[in-house]
Amino acid sequence: MDKKPPYNPGAPRPANNAGQRPPMGRRDPRQQKQAPNNINEHIRAREVRLVGDNVTAGIYSIQEARRIAEDLELDLVEISPNAEPPVCKVLDYQKYLYQQKKKAKEIKAKSTKVVVKEIRFGPQTDDHDYNFKLKHAIGFLQEGAKVKAYVFFKGRSILFKEQGEVLLLRFANDLEDYGKVEQMPLLEGKRMIIMLAPKKK
């Protein structure tokens, strides 16, 4: 009976593929991210309605549809999985994904982003500071941004909350040509907040 060699922590381990990661360049298919569409061998339907350029549209067995895609050196992509039978298109899937991503970026860029600018007052803001902040608020509203103006009450200044409300209502009144009130003065913790949105031109 052969004796086992003594344990040596510095010795190289024997080759054993069990539990090891696959070599670089060959990803374990179980670790691949789920594609947005079923493609090629991942399509489970027995027959599909085939569409696409350079193909004769119609209903084919899945094996025949895959063969057509392979002959054209393209992918078979399931684009309407809930149809009966599912609709598949023959196309370059990587190019298709790139175009979809590009289209999504364009839609996102065109969508208007709501920008909110904050303006802070003290409960006893003087006229000079008030007019300075009023000028900034006019600029923000003209640029299309919303304005979140608030009075911050520090310590015992919370006793002047009515004074803060009067200040915010005056602020909204002075901005009536540029913005409309979305939220009347509301006390949230140590802050009394008013929200104004730009007027549509």
Q. Checking side-chain contact (heavy atoms from CB on, under 4.5 Å) for the pair Asp92/Gln94: CA distance, chi angles, key distance, verdict?
A. CA-CA 6 Å; Asp92 182 336; Gln94 291 304 319; 3.8 Å; yes
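- We find the CD1-CG distance between Ile194 and Leu167 to be 9.5 Å, quoted to the nearest 0.5 Å.
- The shortest side-chain heavy-atom distance between Lys146 and Met195 falls under the 4.5 Å cut-off.
- By the 4.5 Å heavy-atom criterion applied to side chains, Phe171 and Leu196 are counted as neighbours.
- Using a distance-only test at 3.5 Å, with no hydrogens or angles considered, no donor-acceptor pair links the side chain of Asn173 to the main chain of Leu169.
- Atom CG of Asp177 and atom CG of Leu141 lie 11.0 Å apart (nearest 0.5 Å).
- Nearest heavy atom pair, residue Glu176 against residue Lys199, reads O-NZ, 2.6 Å.
- To the nearest 0.5 angstrom, Asp75 atom CG is 4.5 Å from Asn40 atom CG.
- At distances below 3.5 Å, at least one donor-acceptor pair connects side-chain atoms of Gln163 with backbone N or O atoms of Pro123.
- The two residues Ala145 and Pro198 make their nearest non-hydrogen contact at O-CD, 3.4 Å.
- Within the cation-pi definition used here (under 6.0 Å to the ring centroid, within 45° of the axis), Arg49 does not qualify as a partner of Tyr60.
- Distance check, rounded to the nearest 0.5 Å: CD of Glu165 to CG of Leu187 gives 9.5 Å.
- Linking Ile, Leu, Val, Met, Phe, Trp and Tyr residues whenever their side-chain heavy atoms come within less than 4.5 Å leaves Ile39 and Leu76 in two separate clusters.
- Between Tyr178 and Phe140, the gap from one ring centroid to the other reaches at least 6.0 Å.
- Remark: Ile79 CD1 to Cys88 SG distance equals 7.5 Å, nearest 0.5 Å.
- By the neighbour-count criterion of 12 heavy atoms within 6.0 Å, atom CD of Glu73 is sparsely surrounded, having that number or fewer from other residues, nucleotides or ligands.
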Q | Glu78/Val87 under side-chain contact (heavy atoms from CB on, under 4.5 Å): CA gap, chis, key distance, verdict | A | CA-CA 6 Å; Glu78 191 177 53; Val87 179; over 6 Å; no
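- No side-chain heavy atom of Asn131 sits under 4.5 Å from any side-chain heavy atom of Lys135.
- In this structure, Arg191 fails the cation-pi test against Phe152, since its NZ or CZ atom is not both closer than 6.0 Å to the six-membered ring centre and inside 45 degrees of the ring normal.
- Residue Val151 comes nearest to Gly164 through the heavy atom pair CG2-O, 3.8 Å, listed as atom of the first residue, atom of the second, then distance.
- At a threshold of 4.5 Å between non-hydrogen side-chain atoms, the residues Tyr150 and Met192 do not count as touching.
- Summarising the local packing, CG of Asp53 is surrounded by 12 or fewer heavy atoms from other residues, nucleotides or ligands at distances under 6.0 Å.
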Q: Kindly indicate, with the supporting measurements, whether the criterion side-chain contact (heavy atoms from CB on, under 4.5 Å) is fulfilled by Ile59 and Val48.
A: CA-CA 6 Å; Ile59 296 175; Val48 297; over 6 Å; no
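- Salt bridge Arg66/Glu41: absent, no basic N to carboxylate O contact under 4.0 Å.
- Nearest heavy-atom pair, Val90 versus Ala69, reported as atom, atom and distance to 0.1 Å: CG1-CA, 4.1 Å.
- Under the 4.5 Å side-chain heavy-atom criterion for grouping Ile, Leu, Val, Met, Phe, Trp and Tyr, Leu97 is connected to Leu91 within one hydrophobic cluster.
- Taking a 6.0 Å sphere around NZ of Lys133, one finds it holds more than 12 heavy atoms contributed by other residues, nucleotides or ligands.
- A side-chain N or O of Tyr93 and one of Asn37 form a donor-acceptor pair less than 3.5 Å apart.
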Q: Determine, stepwise, if the pair Thr56 / Ile68 fulfils side-chain contact (heavy atoms from CB on, under 4.5 Å).
A: CA-CA 10 Å; Thr56 304; Ile68 292 169; over 6 Å; no
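- Residues Val55 and Val51 come closest through the heavy atom pair CG2-C, 3.7 Å.
- Remark: Phe132 engages His136 in a ring pair (Phe, Tyr, Trp, His ring centres under 6.0 Å) (not counting sequence neighbours).
- Phe121 and Val147 fall within the same hydrophobic cluster, defined by Ile, Leu, Val, Met, Phe, Trp and Tyr side-chain heavy atoms under 4.5 Å apart, directly or through other members.
- Judged by a 6.0 Å distance limit and a 45° cone about the ring axis, Lys190 is not positioned over the six-membered ring of Phe153.
- Shortest non-hydrogen contact noted between Ile43 and Asn38 is CG1-O, 3.7 Å.
- Between the side chain of Ser80 and the backbone N or O of Ala83, no donor-acceptor pair lies under 3.5 Å.
- The distance from the CZ atom of Arg67 to the CD1 atom of Ile62 is 13.0 Å, given to the nearest 0.5 Å.
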